[in-house]
There are 2 protein chains.
Amino acid sequence: MVPGMIADRKPPPRRTQVDRREQSDRRMLRAATRLFARQGVSGTSLAEVGLAAGYSRGLPVDRYGSKLGLIEALLDSMAAWFEARVADSASGKRGVEAVLERIEAHVDGARKSPLATAALYSIYLESLAAMPALRPKVGALLDRWRGELVVGLRQAQAAGELRSDIDCEQHAAIILGALRGLIIEHLMADAETDLDAIRDAVTGLVRQAMLSPAPRKMVRR
Amino acid sequence: MVPGMIADRKPPPRRTQVDRREQSDRRMLRAATRLFARQGVSGTSLAEVGLAAGYSRGLPVDRYGSKLGLIEALLDSMAAWFEARVADSASGKRGVEAVLERIEAHVDGARKSPLATAALYSIYLESLAAMPALRPKVGALLDRWRGELVVGLRQAQAAGELRSDIDCEQHAAIILGALRGLIIEHLMADAETDLDAIRDAVTGLVRQAMLSPAPRKMVRR
DNA sequence: TCTTACTTGCTGACTGACAAGTAAGTGATA
DNA sequence: TATCACTTACTTGTCAGTCAGCAAGTAAGA
């Protein structure tokens, strides 16, 4: 602090209501992400989220109505991130190429935002039993992702890249199931299992279903 | 009630203290399994367990000391079941054969006792975040199972069944990660994903690591 | 001055845990 | 074999702590 300055305390910049709302939204969702990743959904109280975001304990309820509302808002923002990521990298691709891009996008999420991934998986897992109220929303999200993978597999099958005896619905479920299990493993073991190895194992599942086990031409990193 | 009978109420058969304890133990663990499978670990109170088992709300705490104690007892009994299952089917087998038997044992657990499997996975998943106190016990269990799988893979590698560039530790983690992810998928989707398909997908991961992709000679059912 | 963002006070419901009590089984002695 | 001292199984009363959610208030922006 330099004495004699005109103002010791910087005047708070005047923010519009929209700004305030957007900022507090962002901060609360960030705080929730961090806390969910570290302590799980049911291990985190709404009060904690508000305080960790730098506000009062009451704001999250006021903003989102309920704990469920907060989690749904968080899921929405994560889904938006993923859609953008896929739209960016898989646009124009079809069949096996598109499928591999989607797999890479999932792995890349875990690589780029481990915290968000841990939070997302906490939500998945607790929706199974601890918080059944989450199931519809989580189920819809997973179904959408699986459906989009099925489209890619069907294209591949139609184009003769994939064996015709493959059940695309089931194979999509297997690919995503394995992918999620491996990412959980990765999160649990503090990143001991390499993400590239995970990607290779899952792309291996795709290659198993292909007509000619084509040479790997994966995107590096 | 027939009047005039010598005794309306059948005299309760005299059970020894050991019998009583064993019976109440069994009942409480069964009730806990059912409740954990349906509502998750943190969604189930000790009182519920006691009452569902046909006793008072206080017995579980008296018997197991704490919620953690109850869960650990449940994990012990499940681990014992699995060890017995493996000792039965994989004894004398080595290398790839032993590895495939272990995979089948895991899948078979999900097939034979879906309720226990759902409960076990609830415990896994909540140990990640919602109940960190569980991590040591769960971690030790998973490590043991992984370690035993690594032994099989190493034997296979030494016997020339497996490629020599495979990292057995990592491959074991991948196999189990995928297996668990697929079983979770199976539990979530209400058994939509076929368990045989799951087994095939995971044995496929083993076959990828083999020198000559031998013809499948899996145990049917 | 009016609306919207945010805070604080409060409550009812629940839970894990403890402690004090009752009932059932055991083993020794007469 | 009856009874009595003792242990073990099980129940009930209770409490401290937590949490989601509401409602009434204050402050910031329009």
Side-chain angles (χ1 to χ4, degrees), chain A residues 9-32 35-36 39-74 123 126 129-134, chain B residues 9-32 35-36 39-74 123 126 129-134:
Chain A
R9 60 186 62 211
K10 38 192 166 184
R14 189 180 169 89
R15 295 170 302 156
T16 67
Q17 298 280 52
V18 176
D19 280 342
R20 293 179 78 192
R21 180 172 257 271
E22 278 176 356
Q23 189 171 64
S24 54
D25 249 334
R26 233 176 307 126
R27 285 186 181 168
M28 282 194 286
L29 293 182
R30 282 185 70 87
L35 290 167
F36 288 173
Q39 346 172 357
V41 177
S42 54
T44 301
S45 69
L46 289 172
E48 271 180 293
V49 173
L51 294 174
Y55 297 90
S56 70
R57 59 184 172 69
L59 190 56
V61 173
D62 187 79
R63 182 64 52 82
Y64 303 106
S66 69
K67 193 171 185 177
L68 186 63
L70 165 65
I71 299 167
E72 291 186 341
L74 192 57
I123 297 174
E126 300 199 32
M131 290 202 64
L134 277 171
Chain B
R9 59 187 62 209
K10 37 191 167 185
R14 187 180 171 92
R15 294 169 304 155
T16 66
Q17 300 276 53
V18 176
D19 280 343
R20 294 178 77 192
R21 179 174 260 269
E22 279 177 355
Q23 192 172 62
S24 54
D25 250 333
R26 233 175 310 125
R27 285 185 181 169
M28 282 194 287
L29 293 182
R30 282 186 69 88
L35 290 166
F36 288 173
Q39 347 174 356
V41 177
S42 53
T44 301
S45 70
L46 289 173
E48 271 181 294
V49 173
L51 295 173
Y55 296 90
S56 70
R57 60 183 172 71
L59 190 56
V61 173
D62 186 78
R63 185 64 52 83
Y64 304 106
S66 68
K67 192 170 186 177
L68 186 62
L70 165 65
I71 298 167
E72 291 186 341
L74 192 58
I123 297 175
E126 301 199 30
M131 291 203 62
L134 277 171

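Chain identifiers are assigned alphabetically (A, B, ...) following the order of the sequence lines, protein sequences preceding nucleic acid strands; residue numbering begins at 1 within each chain. Given the structure is predicted, the values throughout are model-derived calculations rather than measurements.
Across the interface with DNA chain C, nearest-nucleotide mapping of B/Glu48 and B/Arg20 shows B/Glu48 to be the residue nearer the 5′ end. When each of A/Gly43 and A/Thr16 is assigned the nucleotide of DNA chain D with its nearest heavy atom, A/Gly43 is the one assigned upstream, toward the 5' end.
In this structure, A/Ser24 reaches the C/dC6 phosphate: one of its side-chain N or O atoms is under 4.0 Å from OP1 or OP2. Residue A/Ser45 has no polar side-chain atom (N or O) positioned under 4.0 Å from OP1 or OP2 of D/dT18.
Atom CD in A/Gln17 sits about 8 Å away from atom P in C/dC6, given to the nearest Å. Between B/Arg21 atom CZ and C/dA24 atom P there is a gap of 18 Å when expressed in whole angstrom units. Between the P atom of C/dA24 and the CD atom of B/Gln23 lies a distance of 15 Å, rounded to the nearest Å. Atom C1' of nucleotide D/dT12 and atom CG of B/Asp62 are separated by 12 Å, given to the nearest angstrom. Atom OH of B/Tyr64 is separated from atom P of C/dG16 by 16 Å (rounded to the nearest Å). Straight-line distance from the CG atom of B/Asp19 to the P atom of C/dA24: 16 Å, rounded to whole Å. Atom-to-atom, CZ of B/Arg15 to P of C/dA24 comes out at 10 Å; the value is rounded to the nearest Å.
Taking only side-chain atoms of B/Lys67, from C-beta outward, the nucleotide of D/dA28, D/dG21, C/dA17 with the closest atom is C/dA17. For B/Ser56, the side-chain atoms get nearest to D/dT11 when compared with the rest of D/dT11, D/dA28, D/dT14. When each of D/dT11, D/dG21, C/dA17 is scored by its nearest atom to the side-chain atoms of B/Leu46, the top-ranked nucleotide is C/dA17. Comparing D/dG21, C/dT7, D/dC10 against the side chain of B/Leu59 picks out D/dC10 as the nearest. In this structure, of D/dG21, C/dT3, C/dC6, it is C/dC6 that holds the atom nearest to the side chain of A/Tyr55.
One N or O on the side chain of A/Glu126 and one on the backbone of A/Ser42 form a donor-acceptor pair closer than 3.5 Å. Under the 3.5 Å distance criterion, the side-chain polar atoms of A/Lys67 are left unmatched by any main-chain donor or acceptor of A/Pro60.
Atom CZ of B/Arg30 has 12 or fewer heavy atoms from other residues, nucleotides or ligands within 6.0 Å.
In this structure, A/Leu46 and A/Tyr64 have side chains that are not in contact, with every pair of non-hydrogen atoms separated by 4.5 Å or more.
Contact annotation for A/Arg63: backbone-only contact, meaning every heavy-atom pair under 4.0 Å involves sugar-phosphate atoms and none involves a base. Within the 4.0 angstrom heavy-atom criterion, only backbone atoms of the sugar-phosphate kind lie near B/Thr44; the bases stay farther away.
A donor-acceptor contact under 3.5 Å links the side chain of B/Arg57 to the base of D/dG13.
Summarising the geometry, atom CG belonging to A/Leu70 is positioned 9.5 Å from atom CG belonging to A/Asp25; distances are rounded to the nearest 0.5 Å.
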